[in-house]
Each structure stands twice: as C-alpha cells, then as structure tokens.
Protein chains: 4
Amino acid sequence: MTSFKVRTDLALEVRENMEENASECRGVSVHEEYREESEIRITRVVIETMNGARAMGKPMGTYITLEAPAMALPDENYHQEISRELAQQLRNIIPGIEQEFSIMVVGLGNRDVTADALGPNVVDNLTITRHMVKEYGKAAFNRNKVHMVSGLIPGVMAKTGMESQEIIKGVVERTKPDVVVVIDALAARSTKRLNRTIQITNTGIHPGSGVGNHRNAITEETLGVPVIAIGVPTVVDAATIVSDAFEKMMRQTGEEPIEIQDELLAGLGELYNMYVTGKDVDYEIKQIGHIICNALNSALEI
Amino acid sequence: MTSFKVRTDLALEVRENMEENASECRGVSVHEEYREESEIRITRVVIETMNGARAMGKPMGTYITLEAPAMALPDENYHQEISRELAQQLRNIIPGIEQEFSIMVVGLGNRDVTADALGPNVVDNLTITRHMVKEYGKAAFNRNKVHMVSGLIPGVMAKTGMESQEIIKGVVERTKPDVVVVIDALAARSTKRLNRTIQITNTGIHPGSGVGNHRNAITEETLGVPVIAIGVPTVVDAATIVSDAFEKMMRQTGEEPIEIQDELLAGLGELYNMYVTGKDVDYEIKQIGHIICNALNSALEI
Amino acid sequence: MTSFKVRTDLALEVRENMEENASECRGVSVHEEYREESEIRITRVVIETMNGARAMGKPMGTYITLEAPAMALPDENYHQEISRELAQQLRNIIPGIEQEFSIMVVGLGNRDVTADALGPNVVDNLTITRHMVKEYGKAAFNRNKVHMVSGLIPGVMAKTGMESQEIIKGVVERTKPDVVVVIDALAARSTKRLNRTIQITNTGIHPGSGVGNHRNAITEETLGVPVIAIGVPTVVDAATIVSDAFEKMMRQTGEEPIEIQDELLAGLGELYNMYVTGKDVDYEIKQIGHIICNALNSALEI
Amino acid sequence: MTSFKVRTDLALEVRENMEENASECRGVSVHEEYREESEIRITRVVIETMNGARAMGKPMGTYITLEAPAMALPDENYHQEISRELAQQLRNIIPGIEQEFSIMVVGLGNRDVTADALGPNVVDNLTITRHMVKEYGKAAFNRNKVHMVSGLIPGVMAKTGMESQEIIKGVVERTKPDVVVVIDALAARSTKRLNRTIQITNTGIHPGSGVGNHRNAITEETLGVPVIAIGVPTVVDAATIVSDAFEKMMRQTGEEPIEIQDELLAGLGELYNMYVTGKDVDYEIKQIGHIICNALNSALEI
C-alpha cells in the first residue's frame, strides 16, 4: 500500500507489517516464547529461503528478539534476569563459544550522540582479556576455559573519514578473531519499542541499518568470520513517525489514503537524517548497555 | 484553527504564525535587519503590552533573534562574525554591563543528552573570574574594568530531584550576582531552524520552555535580579513534526482539516516527551556552544 | 621530626604516624575489625577530646575506614560484599535514616579530571526520588518508608568562580534537606592505599582536604544540618611521595636525616599542586563509584 | 652516574642531560631559534649517526621542540601564534604535503584519563575530509588542493586487548594513507615542561614512549608509510620525580650520591605505573589540543 519505505531494523516489525498477507510469509518461520514471571517475550524469526528474504527485505538467517517492558526502568534484579536470558541466547548463537576461541566485540555508533552511543558504551565496560592471555598465558586465569576477548570502537564516518567496515576489516585481518560481535543502536518503527527490545542476529549488519546508516555490510561475507549483531532500537526515523501517525489516522477515518499520502511524502524531505528519541535516552541507554555488557561477560565466562 | 498546541520557544515563530491575522499583533513591534555580506538576519520582537503578551502567549519584553544559515557549518571566520554580532546584542541587553558588575552564567540542560547539552557546554568553557577577583583583587588583571563572572550548571530534575530554579535561587541568594544569564536548548517549530538561530530575551525562562521543560520560572521576578536568556532551538517536539506535516498536506490538497485532525491528535499521545534531532547534533551543538562562549567572553571583556 | 607537613586526608594514616608516641594518642580511641572471608578491615577511629583533635590535626568525631585490597579489581560479587558492608556503616552513621527523611547527596570534585571525578560519578548514578515524592506522593512508591533523595554536583572553583560551600549552602537553605552526604576524592600518604580504602566521617569536609583543596568547611556548623563525608584516597600529593621515599631511604641507611631534608624541601616547591595517580585510575574510580552508589541506594532503600 | 633510568620522551631533555659530556654528542646536531615577541623557543635536534642514536637512546631522525611558557594559559591570540608556528613546522616535516595526498591522523591514549586524552581530543575535533572527497569528489571543495584526511582513535590496550600498532597497521593496510601522523601524550623529566612543550619528530613512536607505554613501534618501518609523531609531555613518571629531587639535593649538599641511591631505588618499585600531573590538567590539555588541532587544519588547508 505505502510507497514510502517505512524504516525499521527489527525483523520482528517487518514481520508484523505482513501479518495480513500471510502468503508473503512463506520461507519465514516464527516462534514465540513468553516468560510469565519476568514478562520477557522472546521471538525467534528465521528467514529460511531467498523468497522469505525477499519478502522480508532482510537477509536469510536467525533473528531473535527479547522484549521486556521494564528493560530501561531502574530495577537491578530485573536487569539481571534479562541479562541471564540474553546470555543464554548468545551462548546458543555465537559459534565456537563452547570451546576456547577468540572474539572481537565491536561497538558501532557515535559516542557523542546519546541515542547512538550504545555500542561504544558496551565495549567501554566489557571485560577484555586478549592482552592478558597473550602476556601471561591462560594458566594465569585459573579457569578451565579462557576466551581471548578484544574490543573495538571504530567511530563514525563523519569523524574518521572511513567506513566502519574498512576499520573493522583491517583490524580483523591483523588480529584474526574467530568471531565478531557487533553492537549497534537501531531504528524502530514504533516509539513503543524504543529501549525495551534487544535483537540478536547471525546475519551481521547491512547497509542502511543502524542509526548511523552504515553503507558497507559488516557480515561473514565481508569480514571472513561469523558476525553476530546485537541491536537495540533507540530511535525512530522522523519520517516514519509522520507516516505512521498519518496511516493510523486514515484507518480511523476510513478514508482511502493513497493520493493524499503522495503529497505528504513530498513534504518529508526535510526530515531526512532526523531522528526521534525520548527525553530519558541517556538513562535508558546506560541501563541497556549495562544489561548487554553483563550478558556478554556472562556468556563469555569472564 | 488548530486545537493542538504547536510548541515553539521562539517568539519569532509565534509571530510568523500570526502573520495572516495582523489584528492580533497590536502591542507587538517587529524590527528586522539583514547583513548582506554575512547573511545574518536579526529580528527584534518587542511585546509592549499585556494584550500583545496574551496574543503571543509570551511575557512582555524584548526578543532578539539571530538567524545565520551556516551557523553550524565548519567555518571559523564566519563563527567569529556571528560571535561579534551576538556580543554586540548582549552588550545592549545585559543591564549594568557598561560598569563593573558581577554576573552569573547558568547552563541549563542535561549534559548527557547531546541536544540538551548546550548550556553546560557553554559554561564549561567560559572564562570565570569571580574567584580570582576575590583572591587577588582587580589590580591583578591589569585592566580598566573587571567583571566578576561565575558559572553554574544546575543539572536536570531527573538527576537532582530539584527544580533548576530552586538551585539557582539558592546560589543567587548566597553569592548575590547583579545579573543572571541563562543558556538553554529550546524547541523550535520547524526543523529548518534547528541549530542556526539564537534567541536572546530579557524575560528569562518560563515554565514549559526549553528541552527539559522547566516548570518553575527563572525570571527577575523569581530570582530578584535581571535575567537574560540565550536560547538555541536544538530539537522539535515530535508531535509538532506530525502536526505540521499534516497541516502542510491539508493545505496542498485543499481539504478542510478540522475533524480529521482530532483523530490525528488522539494518536499523538505516545509522542509525549519525544524529540526530533538531526544526525549531526553533536557537531552542531559544539560549534554553537563555541560561538556563544566567545560572544559572552567578548561582551564581558574577559 | 619532619618539618615538612606530609598531607593525608585519612585519619587512619595520621593515627599510624603517631604509633611510636603513644602518649600523643590520649583522647583518640581505635577499634579494628577484620572480616576473614572478605579480607575487609574496618577501623573505627573516634577523636573524643579537644586534645585528641589537636594531636591528630583533625576535628572531633568518628572516622570509619574500610580497607579492601581488591576493591578496584574486576569482581562484581566482591564489590557487592563491600557495598553491603559500606551500607551497614552508613545506616549506623547517617542520623535520622531509620525514619523517613530528606537527604542531599553532594558529589564534590572535577568531573573532567579522572582522579577527582569520584563524587560527580556517584551522584550521576544515584537513584534520586525527591521530585517523584513531591509530584506523586509517597503512596506511589508502594513501600513503608520513602526518603526524599536529592543530588548536587557543584563543580570546582576554577570553573564556577564560587566555593563549593557557597553553592551547597545556598541550595541547602532553599531545599532544606535533613542531612547532607558529601562524596569526595581524597589525598592519601601512601600509594598503597589508593583506590582501596573508603573513609566515612561525621565531621564533614574541612579546609585543605580533598583533591580540589576546598577552602571553606562543609560541616554541620556551616550548613546547619549534619554532614556525613564519604572519601576515597585517589591521589598522593607529589611532595609527599618524595618526602616519604627520602625518609624510607634515610631509615635504611641509618643516617641522620634532618639537615639534608631541609635542602630537599626547598626543591619541592615546584611540586605544589601536583598529584600522583596510577595508570588505571579511570577503571578504578568507576568501580569504586559503583560500590559507593550501590551502598547509598541500599542504605536508603531506593 | 645514575643507574636508575630517568624516563623522558623528549629528545631535548636527553640532550640537556648530556651537556657536560660534549664528547657523547657527536652525531647529534642542535639548532635553536628564539622568537623574541612570542617567547617561543624552537629547538631542532637532529640525530645523524648511529653513534648519536646510541648516545641519545633515541632513533636517528629529526626532533623539533616548541617551547612556549604560556601555552596552556587562556590567551586565544597567543594560541593562534603558537598554532601558526606549529603549522609551519608541520608543513616542513610532513612528506608529500605540498602535493595532494592522503593522511591519517591517529590519536593515541586513553580518553578517560585526563592527562592521556590529548590524542583522542585532537582527532575528535579535526576536520576530516576523506569520506567527502570519496563521495563528492575534489571538485565539491572548490579549492586547488584537497587532501584526504582520515582520523583514528585506537584506544588503549587495557580496553581493546590489542596493541595500538596492530589496530593502526590493520587500518593503514586497508585504507592506504600516504602518511600517518600520530598524536600522543608524553612523559617529561621535569614538571616545568609539562603542557608547555610540543615535540615533532619524523621517527614515529617507539616502545616505552607515551603515557600508555606502547610496546610495539609505530614507525615507517612497521607501518610501511612515513610516520610523524606530535607529542606533548603531560605527565612526569613518579619515580623520576623522586630520583630527580634526590639528585638535586645531593648536588646541593655536595655528597657522593651513588651508594645511597641504590637504597632509594629499591623503594621506588611501588611507584611503577604511577604518574604525576598538575591540578589544571583538564584545562591545559583542552587548550593544547585546540592548538594542535588548529595547526593541523591549517597545515592541511582544511
């Protein structure tokens, strides 16, 4: 119906938009679990075929979404519960984690823009071991299994003049981790999902995703090692807000929206590169960064 | 026409909205200057009567707006030109500046939210002299005139539990500056005005203005000393974006917008406390902070 | 022996220096506990008389020191244990905490100098309730006891032009908390104590203490409400380092140090306002800030 | 004389220590200029032979030092003068700058430790062009000469698990700049030189230099492209402070220092990885970062 491309980085939201047209969903399996006590909903979308990928506008692979309504509220016990759940999902999806391996965690985004700082925030606080293992050996850790964990915060193109992909690729080629995990702030379709959803996928990061609009893919194909992406929607595209409000209104009045919408879209140009965030974005990003950091530390047993 | 209260902190934008109904504008004088070479437009709106204040929804007083299209672009020479112009306006509006006086510069806003960090940014970089004058005397400065400049960054209510006004008032009562200058990030109506407009007013800060929505006035009436406010629109209210896009569309299609709009407004509730900012907000806030800081230093001859 | 005034903000270190001359220690009681499992040592120094105060060079009152060798190492469980112990000590020393009260937590120091940023760090992350209680009432919290917690980060004189005391006093007079808790980074005598010791005292902050050398007292006498100070030694005065190394050497060689020392001291002038910190000061300050923040949240049941 | 290795990253200070033994100085030429009006002293030390390199403990190459006593004081006009002088020196020493070329500026150090944050600070504020040239072409710049400037902030090993060299090398291999400029905070011997000296060298960065003690060289040999290093002493090694104070004292008393010194040195172990900084380090680093950033922008005509 809509010619305007509503932007979302969440496979879950893409899937919801299709619900009426079940026929589009062949090649896409959806499995949902709900934890009563913790009110955490876990949805597993698997895009299994090229058809499914085309329909979804996302590459084939697994997309796991954790939704927790109170994710960004101040409740340390609840955060620990989400962290535990997230750690479990990470253990399942990060290849090679059951043996000893080396892993590079990359924090994408701009640390000077609050809503885009999630990635740098997580990597800044992660427990890093690679240099210790190299210097003192695994024996020094007094544990059965010691992963080599490194961290990278490449910065954004406006400040580096380079694509994140170029930087990551260069460092991967030199330090040769077995796996790369990329953390990024995403754009959602709905403000209701901001800062209470975490998406994990084994498909990496694709052009146009993320708040910073990476133009070069960060994937197993481009890096040569598996890439797991952890993303949290922290903004909504400004044009999406307008388009969605409009659509909702049309539905309520029962009008046929098509022609009018074209006029509307013409006016959205000035919203290009504009984002919507909430007032407490600093607090919420800090909380979720903490959750992801703890989950990674726990999954990596460091 | 519109029952939805479009939010703007700029007197200039309020005035623009009224243009069709000239009759509303009694008691409000507008004077505009344009500097050809520098492309800086200076508009002076004076609300002279209570009627004017009612029509504008803003208190009586002077509102000076500097608009400079390239304000946030990287051009140090141009920045110096805007700074000079701004310094001149500040010299005209800050009472007592021609003699020696004491002045407290207050940076409102949340330093951890990029679009709200303008005030803290300016005060962090301002030249502060009060403690030097108190310790070494004016003689140490080897100048004709030495103002006592102090700076305060009160923080936001979510992090202090106190109204900015309570903090400022307490510190004013104890340190007794002759004048207070308050710097704040504002909400504009139009994305086109973001980060290229500076408003100076001698009316202080009023409830509901600023990104952080101060609920208690910071004015001569509440503080007991004159309050000059310097504001820069760095965000647009998310509901305003939708409402404006809608209105524009209606105008283009020639439809009668009233009834439909009510439906639209009902859906805007979830946009409460949501803001729209641009992608380069960190860079732009830094540039404008620099401009205001230099203008204050220059006006205060420090 | 030494005419050079070795600087320490820790009552514990002052007391240690006196050990040889037990006669000086009248009016000073010392009680020590050691937790075997956690290796936390708790020393309670009470200066009971004016004579004791004169001998110690510190005001009468209680000084509790928690020493934990692994305080700044990455071990979340251990941090929780220290937090619990610290919370217990805070519950004992903060007057009025057993009933509902209002408390202002003040983070002294310069947030832009890593070793001095402990106070701002703690207050930035503390759970603040005063504005919530004021707006929604205690009922909204669904708890037996709800304290009103506010937070203040006054900044340092070089950036505000005002004494911290002036700012705090103004805000206390206006918002009227029942108790003030002040967090500050301290100077220790020994590098061995850096970032592994927490001192709590009910005597407040006195001129010359803290990294930032507050010149005006922040005490019950000056503020009109009880003041509890929580301090962590994060630096050693550079002159102290030299003086101590020298003394140690002299002791080892058995030489008579007095005359030579005078020559040495003459050369220490250039070390004025210089501080010694460790390389990992950023990590360590973050860990300890976390411990203190959790302890305060727990003691205040927020 | 001294078995303790006093640490300095400044060729100038090494050279000063040798002054008495002129014979050691063969193969090292020194040229000094003094600008009367600006009080800027420029010293050019060239290590011309392997013998000179051995005597100096530094690799063959050119070391230019700008000393300006008021470098860190608040005086924008003076800063511009130092920037101009620095830009001129950079134009002379950066190979290929007279033609169009591509250059990567690397900010070494830890952005969370004030005294070590100079490099990240400079790169954060530098004008970056590589991505613009790649996207819009040189024509878009409307200038005769457009360099491609990129920026990298690799972070420190404790937070990345990788040597800075590994990261830089990976990114250089992938993005192929013609020249690398590295900015770093250095250790000086004397507190008098802190934050008022800038050293430029075409020898790159060597193991053990810098506050962060890089263990792998960042040089033309290791990166494959010329490396210019810009360094500013922001700390003094704590052991050096003690050793120097001691030596000064011995000289004044006329004693023979040797045996005693051994005892002293034994006690310096606990000063390992401890640094001395001044109280205003945040302000001074900001000023000098600004000077270097402007000089680079000017030398690169961006």
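A quick note: this is a predicted structure, and the numbers were derived from the prediction, not measured. In what follows, chains carry the letters A, B, and so on, assigned in the order in which the sequence lines appear, proteins first and then strands, with residues in each chain numbered from 1.
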A/Ile183 side chain reached by A/Val105 side chain, heavy atoms, under 4.5 Å: yes

Pairs of heavy atoms under 4.5 Å with chain A: top-ranked of B/Ala158, B/Ala115, B/Gly278: B/Gly278

Which of B/Val235, B/Thr191, B/Val236 touches chain A most, by non-hydrogen pairs under 4.5 Å: B/Thr191

Heavy-atom pairs under 4.5 Å with chain B, option from A/Ile241, A/Ile285, A/Asp280 with the top count: A/Ile241

pair B/Lys159-A/Asp282: side-chain heavy atoms closer than 4.5 Å: yes

Any residue meeting ring-ring contact (aromatic ring centres under 6.0 Å, His included) with A/His79, in chain and number order, not counting sequence neighbours: none

Any side-chain heavy-atom pair of A/Ile42 and A/Glu32 under 4.5 Å: no

Max heavy-atom pair count under 4.5 Å with chain A, selected residue of B/Asp112, B/Val281, B/Thr277: B/Thr277

Sequence-distant partners of B/Glu39, side-chain hydrogen bond (donor to acceptor under 3.5 Å, both in side chains), two or more places apart: none

Contact origin within A/Leu194 toward chain B - heavy atom pairs under 4.5 Å: side chain

Side chain / backbone / both / neither for B/Lys286 at chain A, heavy atoms under 4.5 Å: neither

